[in-house]
Amino acid sequence: MFQNEFIKRTVGCILAASVMGLMTHGTAHALATSEKDLGAACKKARNFDEFNELVGEYSSQKFSKEALTCALKMSADYAASKPKDAESHVVALTASIDLLEAVSSILDGSPYNEGPEAKDLTLRWQYAIKRGKETYARLAKLAPNDPNVGALKVAFDLLATSRYVSQELMIKVAAEALPRLQQYLKQDPKLLNGLGEMMLGRMYLSLPEVSGGDQDLAIVHLKKAVEIDPRNLVNVRWLAEGYMALQQNDLVIKTVQLMQGIKPQEGQAQQYADELRGGIGLASRAGDQALSDALKGQRDAFLAKHPEVLTRKSLPQVGHGGANPLTGKHED
């Protein structure tokens, strides 16, 4: 599976912040008040090549919940029209995961729990779950034994329970997903080009010990993720997070230093800026302020070249300034 280059690229971009999530903001556009508003402004594709190009364009805009909604609507509609095409279903399920991650993270960090902003986000959240479930119901029959599909479903399940539920339920879902992901990695040690190892490592790192958490095992799997895909900043940062949890500051610094030589991959500008932000904090916490400052300079230069990328400044606290949760831009 995953023979199509677009699918490989799309799958390679997902799960950047899934499982436990990074804070993410959407961009300010007209707010949806009903499901029919979702995707109303999406461009229309006149042929398959244009469709492929548009979905790729939309799915790469991790800074825009509107663009990710368009990617989901277009890919899910196409998959539904091609019920025997497994690859189109993979793209659609990936789009559901992307939108769930983005909206979940906005809601986690936003002070707005009611009003039109909250309704817009809730609609997108519900839409991502609805379309994801529809897509997977067909995909499970098309590729019942594919470990990559199983791993995507694990990511979907974890994200789909990360809102409006208790911490206990989130832990329960993650603990139940742990052996499934272990089995998929036995079938394919390079699952999703290292993202399987990264997911498993993060789960070991985040879960309580009584639910299967194990910080030492987390390091084993996070190191494997970096070995499989050393250019993936997400893998590198989470390995540094694992060393930080073990209070091994020298290894945190050594790992974060790797981020200085990694270039942004296609379609991952937002992820690149976000992961550098994480590296800045890790270096500072580990006691290497010079490294932290160097990464900040690297990130500032990148942001200057990519004004569309969100800066992820601190959220406002009940009107006391910070960043607008819908735009990510600083407001005093």
Side-chain angles (χ1 to χ4, degrees), residues 1-16 26-32 34-103 120 123-144 146 148-149 151-153 155-156 192-193 195 264-272 306-309:
M1 206 165 181
F2 304 135
Q3 298 303 309
N4 182 287
E5 285 303 316
F6 168 69
I7 292 174
K8 291 180 182 178
R9 185 169 68 252
T10 302
V11 172
C13 291
I14 67 165
L15 311 180
T27 49
H29 292 284
L31 299 174
S34 66
E35 185 178 308
K36 69 178 182 180
D37 296 333
L38 299 176
C42 302
K43 297 176 184 178
K44 306 298 181 183
R46 292 168 294 185
N47 52 55
F48 180 76
D49 288 341
E50 195 169 291
F51 161 82
N52 232 7
E53 183 177 344
L54 279 174
V55 173
E57 175 189 335
Y58 283 134
S59 64
S60 69
Q61 297 179 47
K62 307 303 183 188
F63 48 84
S64 171
K65 57 184 170 62
E66 290 79 15
L68 294 178
T69 301
C70 286
L72 172 55
K73 185 178 189 313
M74 292 179 68
S75 58
D77 286 350
Y78 181 79
S81 73
K82 303 287 184 181
K84 295 185 179 180
D85 184 349
E87 291 190 339
S88 68
H89 284 71
V90 169
V91 173
L93 183 57
T94 298
S96 290
I97 291 169
D98 274 345
L99 184 56
L100 276 177
E101 189 280 319
V103 173
D120 171 270
L123 281 168
R124 294 178 196 277
W125 171 261
Q126 294 170 341
Y127 184 68
I129 292 178
K130 173 186 172 183
R131 298 310 300 264
K133 288 182 176 179
E134 292 171 352
T135 299
Y136 181 72
R138 295 188 298 269
L139 182 56
K141 296 177 182 178
L142 294 171
D146 192 307
N148 294 285
V149 171
L152 290 177
K153 183 58 163 57
F156 178 82
L192 296 177
N193 195 32
L195 290 175
Q265 297 182 51
E266 181 183 356
Q268 298 188 27
Q270 187 66 62
Q271 179 191 111
Y272 185 78
H306 296 273
E308 78 281 4
V309 171

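All values below were derived from every heavy atom in this structure, side-chain atoms included, with hydrogens, water molecules and symmetry-related copies excluded.
- To the nearest 0.5 Å, the span separating NZ on Lys153 from CD1 on Ile97 amounts to 10.0 Å.
- Once rounded to the nearest 0.5 Å, the distance linking CG of Asp120 with OG of Ser34 reads 11.0 Å.
- Distance check: Gln126 CD to Glu35 CD gives 9.0 Å after rounding to the nearest 0.5 Å.
- Between Asp77 and Arg131, the closest side-chain pair of non-hydrogen atoms falls below 4.5 Å.
- Within the 4.5 Å cutoff, the side chain of Leu72 has no heavy atoms near those of the Asp98 side chain.
- Proximity of Glu87 to Val91: side-chain heavy atoms (C-beta onward) are nowhere separated by under 4.5 Å.
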Yes or no on side-chain contact (heavy atoms from CB on, under 4.5 Å) for Leu139 and Asp146, after CA distance, side-chain angles and deciding distance? CA-CA 10 Å; Leu139 182 56; Asp146 192 307; over 6 Å; no

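- The environment of CD in Glu50 is crowded: more than 12 heavy-atom neighbours from other residues, nucleotides or ligands sit within 6.0 Å.
- Counted by atom type alone, Asp49 and Asn47 present zero donor-acceptor pairs between their side chains at under 3.5 Å.
- Taking every heavy atom of both residues into account, Ala67 and Tyr58 meet most closely at O-CB, 3.3 Å.
- The structure places NZ of Lys141 at 12.5 Å from NZ of Lys84, a figure rounded to the nearest 0.5 Å.
- Note: Asn52 CG to Ser88 OG = 10.5 Å, rounded to the nearest 0.5 Å.
- Contact record, Gly132 with Leu93: O-CD1, 3.9 Å, taken as the closest heavy-atom pair.
- When every heavy atom of Arg138 is checked against every heavy atom of His89, the shortest pair comes out as NE-NE2, 2.8 Å.
- Among all heavy-atom pairs drawn from Leu99 and Arg124, the shortest one is CD2-O, 3.8 Å.
- You'll find the side chain of Lys65 stays beyond 4.5 Å of the side chain of Leu68, heavy atoms only.
- Nearest heavy atoms, Gly39 versus Cys70: CA-SG, 4.5 Å.
- Between Phe51 and Tyr78, a ring centre-to-centre spacing shorter than 6.0 Å is recorded.
- Using a 4.5 Å cut-off on side-chain heavy atoms (C-beta onward), Glu308 and Gln270 make no contact.
- Atom NZ of residue Lys133 and atom OG of residue Ser96 lie 11.5 Å apart, to the nearest 0.5 angstrom.
- What you find for Ser75 and Ala95 is that their closest heavy atoms are OG-CB, 3.5 Å.
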